[in-house]
Every structure is written in structure tokens, then in C-alpha cells.
Amino acid sequence: MKCLIYFMVLFLVSEVGSFDLVIDGIPDEVENMIDVEIDGFPSSSRTRNGRYQRSTSDWGYVGDLVEDDDKIGLYSYKVQSTITSRLANTMIQAKMVNNAKRPQHIVFDVQVPKGAFIDNFTMDVNGITFTSSIREKSEARRMYSQAKAKGKAAGIVRSNALDMENFKTEVNVPPGTRIQFELHYQEMIRRKLSSYEHIISLKPGRLAKHMEVDVRIIEPQGIRYVHVPNSLGDHFNGITTISKGEKKAHISFKPTMAQQRKCPTCSSTAVDGNFVVQYDVNRESTGGELEIFNGYFIHFFAPENLDPLPKNILFVIDVSGSMWGLKMKQTIEAMKAILSELRAADQFSLIDFNHNVRCWRDNLVSATPAQVEDAKKYIQTIHPNGGTNINEALLRATFILNEAQNLGMLDPNSVSMIVLVSDGDPTVGELKLTTIQKNVKQSIKDEFSLFCLGIGFDVDYDFLQRIATDNRGMAQRIFGNQETSAQMKRFYNQVSTPLLKKIQFNYPQESVSDVTQSSFHNYFGGSEIVVAGKVDTANLQHLESVVTATAANAELVMETLRDVEELDGFMKKDKYADPEFTRKLWAYLTVNQMLAERNTAPTAALKRNITKSILQMSLDHHIVTPFTSMLIENSENDEIMLADQPKDPRRGCCSGVVVNGQLIGAKKEENKKLNTYFGKFGFYFKNKGLKVEIDTETITLKDGPYGITLTWSDTGHIIRKQLLISVKKESNVTIRVGEEMSFMVLLHRVWKNHPVNVDFLGIYIPPENQFSPEARGLIGQFTSEPEVYIHNLRPGQTPEKPQATMEVKGNKLTVTRGLQKDYRTNRVFGTDVQCWFVHNSGKGFIEGHYKDYLVPHLYSFLKKP
Ligand SMILES: *[C@@H]1O[C@H](CO)[C@@H](O)[C@H](O)[C@H]1NC(C)=O
Ligand SMILES: *[C@@H]1O[C@H](CO)[C@@H](O)[C@H](O)[C@H]1NC(C)=O
Ligand SMILES: *[C@@H]1O[C@H](CO)[C@@H](O)[C@H](O)[C@H]1NC(C)=O
């Protein structure tokens, strides 16, 4: 019997207000392979047959949970990253030992940059090696579940974060066991704002006896500079060493155990953040650099010293109520800086929208100092309120650009763009995201670029990304904090200087094949265009490329010629250089291009074709993509694990369900204490755009402007968009979403005119619900339940309330045995259930403080991740 829900509710007894209860996640078929019983009796923990038998045990964690004890020894933590001509191969290796007398749960949890391809994972447990293979997703799942059915244990969960993805392995091992984990991934480092930035997430979670980070850069073009910002904090000043040659560089970071400590007497590590390396390469020819090796060519194109093209830019700014406060302040600050940077030849206007759409000027105006000043004044006076009509705002922006185009007011060499800043989903006007996407695409007609900035977590970022890539632009998520303004400016700077338009790359057709995207609408200063392909070098001495483009005052034709063997000598001499770098870069570009094409494919048949090609590429190149999973097996084939990715994140991921509750107080205090109860629940099914509101009088379903209300004296169903609401008169409501999710709300009526008590509601969430590991909130965070160890059972203040020590998440808590009522079987009197009660409002048991879970509205998302 699960008790979590009850004490969740109970420790909130002194607060009246709305707070987030549950879930922000998606149904996910990735099974959480670790079963944990949470009822608090050590003896009831399930065990499985298998070598690493699960029993009640402690947490050992390599990851962002910090523990103060040394039951798990981390004796080595190594990161090696080698960048060969923008292709970064990174290895993260951890060696750990279980020093405790009990079996331990050892976790290897690392972050991999989004977009990187995991290509290998190995694990060594007391000399038994586990190796990995890449399989088609459903095949991997089938093999895994077959093996699992035979009782072989262990598990891996992969999950989606913001710009990083988690790769997590959990193994339960007996005392004395030594484990080595090793993960490999590859990615192409993109040039942004005139530098390449390589980011390594460094979160060992505990002190490491030996820690080393080595980054090697090998750039045949020559390295212009290497910079390692102090991103891990002042604590590590002077520990990083950089040695730089003409074409090679080596960055080394080896803090001793003493240097890792947060303070001289601390047992926790200060190594917790990103290790960042920035560099740029030399460029000699405007036509770019051709690198040919091993049957592939890569063309790096990043001309400088060109005059910027004039731009026509429309800023479309969300000023709905949710932007109120810090977000708006930061947006105003950023916009003032951005407006100041407009060039005299640029034309611009400003649109601000909530449920209405307003324009600062109905047409584009030149960026003269007077106009810029006026625009700044305008933006300063905005007071956010009201809803969000994204559709109308974007259509107005394209109307202004189209009209200027039709009236011949745009310089033929200029670049036109819309920059949308928004923090939420549409709530007014057209709400259907696919319709908005279609409308915008139709009115932009591939004439302009649309860039989207999504602020905070309320925003459907996948949608913004979709409409941006659909319209020659890109999207960026901005974290809604003090840094918002700086992040907005940084993003704007990436697109503020268009240097070329209509760029076309040409290669001799008879010598090359499988060339990646070779024509581009714009080239922005500080970035880089990369084209790759296969090249038949057998009968070829030189490869030639011709790039044509429109610059500010001329049509450019740029030729580059390269000897196909030019790199051979250089590559042979360097033992760190990856001889496969050209193949991997080509595969990286090709797969990413296909993923983008698939995203905007107009027909299901084409989509299937692209999926097939991506799958084949993933298998051929041994990389984990959204269509493959990694199986991890030992050499005896008797244990197996599955490394899976969430489903294609563009299809509805991470915009799931919000459940909030509102508390009401009793009619008066009893023993100086005001009891509180649930008076109202709000369910928000974001994908479906449906809201369900239940209080002690009515049950209401809302779909945008439409709504339907039943009362508790009805018995009936409401079905809309595959959501089923069943109301049982004066008793209970069940909300069902397919097979994946259901919620039940029970009504508790007190007798009329009760002097103290009020009618209230109870919520029940069956454990079969399939939420993703991202589920958050007071209850949501326990969908993947923490390991709990209860010991030292002792008498409490009264005989029927014994106490014990609960170890959870590295904390030792005193808990008290008590009774709680489950009303599901007996709605009037309830059934008593034994529970451990956590004191201090759940401190140490829940993430953060309970006040973190208070939210302003019934449908608010929880802000803290
Ligand atoms: C994965 O890594 C292991 C250990 O480094 C190595 O033996 C194996 O060949 C690698 N597999 C692949 C496919 O690269
Ligand atoms: C899918 O691929 C097959 C085989 O390559 C081809 O015959 C078919 O026309 C493709 N379908 C679409 C819709 O592109
Ligand atoms: C819901 O209400 C119906 C009708 O009163 C009842 O039969 C059913 O047992 C109730 N379910 C629960 C879990 O209370």
C-alpha cells in the first residue's frame, strides 16, 4: 500500500492557497526497471533473482546528488575529449567501489549535450564486462523484455533535459564490488558569435581520488586562440593549464582531492557545472576550407570582412499577463540594447501582443536615431496583461513585411526577418498549433526568416522550434531568470549581421555524392556553414568547389581547390587525431538534416521513408538516435540493460499534464489549529488543450472558449479528444486518458450546517499511470520512487506511534508510525492504512521546500525544474 499521497497532503495543514500537486510529464512506455516499495518496512522490499540482487540498500550516486559519506568510493573520474576539425569525441569514465557492508545502489548519471550522438557504453563489474550494441528501438525493447522475463536485472533510463540529456545507469552491487562505467559520445561543434564552444558537463557528485579532464584540439586550419572561461567558479582559479601550438592545443584540468573540496573541512565536491573550452581557427580564403580524408570531404565556410546586408526586422513581443515582472523587465532591457544596435541601413518595427495586437508603427521605418529612441520609449511603457494571440501577431508581422515587399520598399539585397519573443502557448484566437503553423507558413511563403525566443518553461518550445525551422529560422529557449536579457542579446547577435544571402555550394558532380544541404538562404557573421559529402578520390587529384552568393555590393563567386591527399601526412602524424572525423561529420550532418526533414515532411509516406533512412544510418554508424536504442549485455549473455531515448521529442514530449489543488480552510479553528482540505482540483491536459476543474459543487470541462459543466448530483460521462470524464453521483469522478493515465477524485460531504467541517475532495492516482521520469511536483516527483531505508525502530511518545530513522536521498529523518485513511474502498469511514509520517513539512523527503510548490493559479506550471 502506497502512503505517499497521504502525507503529501497532510503536511500542508497550515497553508491556504493553491499549490502544485502533481505531474508535469508524459506517459512514457520506457519502463522504469527498478521496483521500489515505499511502504517503509525493510522486509517488504522486493527482491529479484540475479547476480545484483536488489535489497534494501543505500544510494551510491555519481551524478548531481551529493552525499556526505564514503560508502561509495569514487576513485577515478576522467573525461577525455578530442576535437578533430570540429568533430568532438568525448569519453566520460568513472571507477567506483562499494565500501559499505550492505549491497549498494550505484548510479552513473552524466549529461550529454543535446544533439550529440552516444556511440558506446561499457561497464565492468568485478571483471565482468558489459558491452553495448545499437538496435532498432522496438527490437531492443523486445530483446530486453524477453531477457527481463527470465529474471535478469538492471536498468537504464535516458531522459530529456534542456540543452543537455541525461544518461543514467543504475546497478545494485554487493559489498566490495568495483565498477567502471565508460560512456562515449560524438558531436559537431558549431561556430557561434565567432567562436567554437565545447561544453563538458562535470558533475561527479562526490570527491574523486583522481580527477582529470583532458581536451585536445586538432585543427588543420590552425588555431587562432583558445580560451577557457572560469565557468566552474573562482574556486578553481589557476588549476586549468592550456598549451597551444599552431594546429594543436591541450587543455588539462586536474584538481586534487583537496582542491575539489567545497571548503577545507567539507566532504562535498565543488566540481559541479560545465567545463567550457572556446576557440577559433585561422581562415585564409573567403571560399572556405575544404578538408578531404578517407573518402569524404568537409567544406567549412565562414567568410569575414564583408559589409553587412541591410535587414528588415520586425520584433513581435508577447506582453500577456504571464510576462509580468522580471521577464518583462529583462525583455525591455534586452530590446533597448538590441534597438540601439540596429544599423542606419536597417528598417524595423515593433509589434506587441496579448489578446490584442498593437503596432508601434504600421509599417517598417528606417532605423534612424530618432526612430530608435521613440521605439525604446514605446517599449518602456508596456504593462503586460491579458491573453496570448500568437497567430494574429505573426500574421500581422508578415502582412507588414509582405506589404513593404509589394510596394518595392525593400532593398533587393536586404534580408527580412521576424523575431518572436514569447513565454507561453496561445490562449486567444487560433489555439491549434498545427493551424497556426500552417497559417504562418502560408503567409511567409519562404520569403523571410522567423526566429523564435521561448522564455521559461511554460512555453511549448517544440512548437516554436517547428515554426522557426519551417520558416528558415531557428529557435532558442531562454531561461526566465536574471540572465534573460543577456541571453536574448546573445541570441539576437547571432542573427543581427547577415553578410550573405542565396549561398550555393557547387562541386563537380562526377566526383562527389551524398552531399548534405548545399544551398542556404543566409549566412550570418560569426557563424559557419558546413557542407559534407562522399568523394571518389581514386581517380582524383584535386577537388574544386565554387560558392556563389549575394553580398552587400556584389555577386560573389568563390573558388577553392584542394589536393585530395593534402591532409594524409598531417593525420598520420597525430596519434590523437580521429581518422574517422570526416565520416563522422558527414553522418552527423546527414542524420540531423534528415531529422529536420522528417519533422516538416508533408506526407506520412515520406516520413516513413526518412525514418527508415535515419534508422539505417544509425545502425551503420553505431549511434543512438530517436529511432534506436542501446542494449548492454555481459559476455555471458545472462544480463541485459536497455538505454533508451524518449520518443521523438517533437511529437508531444514534455508538454503533458498539470494537476494543481486548491486548499480551503475549515469553518473555524480547533485546538488553535485551522484544518485545511482540498476544495478544488484543476487538471490541465496541455497537448489536448483541455482543462478539467472539479470543486465540491461542479465538474467542468473547458476546451478553449467552450465549456460543459456537470454537478455532483449528475451521473454521466463527458468525452472529448479521447479524454473521458465519468461522474458518479455524489461520489466520485474518474478522468481517463487512453490506457495511459487515470485520476480519481472522491467527494466527501459533511452533514449540512456542520459547525466546523466543510465538504472536501480527495485525489487518488493509481500507480499504473505511465508518467515520464520528468514528472515533478509534490506527488509527481515520486513517480520514480526514491530508495528508502528504514531502521532503528524505537518506541515513540505513545505506544501506538513508534519512531524510526528513514534514510532517503542522503538524509536521515526521524519518522513516526501512524494511521491514515484510504477512502477508496469505504468512502464514509475509510480504511486505516499504516504509514510513516515525515515531519517538518516533508523536509528532506521532498525536493526543496514545500513552499516551492505553491503556484499562483490553478493551471500554473511549477516553475522550478
Ligand atoms: C566500445 O568501447 C569498448 C571499450 O573501449 C571497445 O572495446 C569497443 O570496441 C567499442 N565499441 C565500438 C563499437 O566502438
Ligand atoms: C520511399 O522510398 C521508396 C524506395 O526508396 C520509393 O520507391 C518511394 O517512392 C518513396 N516514397 C516517398 C513518398 O518518397
Ligand atoms: C464511485 O462511485 C460509484 C457509484 O457510487 C461506486 O459504485 C464506486 O465504488 C465508486 N468508486 C470508488 C473508488 O469509490
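Counting convention: from 1, in listed order, for ligands and their atoms alike.
The cationic atom of Lys137 (NZ for Lys, CZ for Arg) does not lie both less than 6.0 Å from the six-membered ring centre of Phe627 and within 45° of the ring axis. No cation-pi contact links Arg720 to Phe685, judged by a cut-off of 6.0 Å to the six-membered ring centre and 45° from its axis.
Considering backbone and side-chain N/O of Asn120, one or more are found under 3.5 Å from N/O of ligand 1.
Glu219 has its side chain within reach of Ile83: a pair of non-hydrogen atoms, C-beta onward, lies under 4.5 Å apart. With contacts defined as side-chain heavy-atom distances shorter than 4.5 Å, the pair Ser133/Met630 does not qualify.
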Run through all N or O atoms in ligand 3 and write down each protein N or O closer than 3.5 Å, as a pair with its distance.
{"unit_1": "ligand 3", "atom_1": "2 (O)", "unit_2": "Ser731", "atom_2": "OG", "d": "3.0"}
{"unit_1": "ligand 3", "atom_1": "2 (O)", "unit_2": "Asn732", "atom_2": "OD1", "d": "3.4"}
{"unit_1": "ligand 3", "atom_1": "2 (O)", "unit_2": "Asn732", "atom_2": "ND2", "d": "2.3"}
{"unit_1": "ligand 3", "atom_1": "11 (N)", "unit_2": "Asn732", "atom_2": "ND2", "d": "2.9"}
{"unit_1": "ligand 3", "atom_1": "14 (O)", "unit_2": "Asn732", "atom_2": "ND2", "d": "3.4"}

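Heavy-atom proximity to His622, at under 4.0 Å, picks out these atoms of ligand 1: 13 (C). Listed by number with element, the atoms of ligand 1 under 4.0 Å from a non-hydrogen atom of Glu182 are 5 (O).
For the atom pair CD1 (Ile179) and CG (Asn98), the distance works out to 8.5 Å, reported to the nearest 0.5 Å.
A donor-acceptor pair shorter than 3.5 Å cannot be found between the side chains of Gln80 and Thr82.
A salt bridge links Asp832 with Lys821: the closest approach of a Lys/Arg side-chain nitrogen to an acidic carboxylate oxygen falls below 4.0 angstrom.
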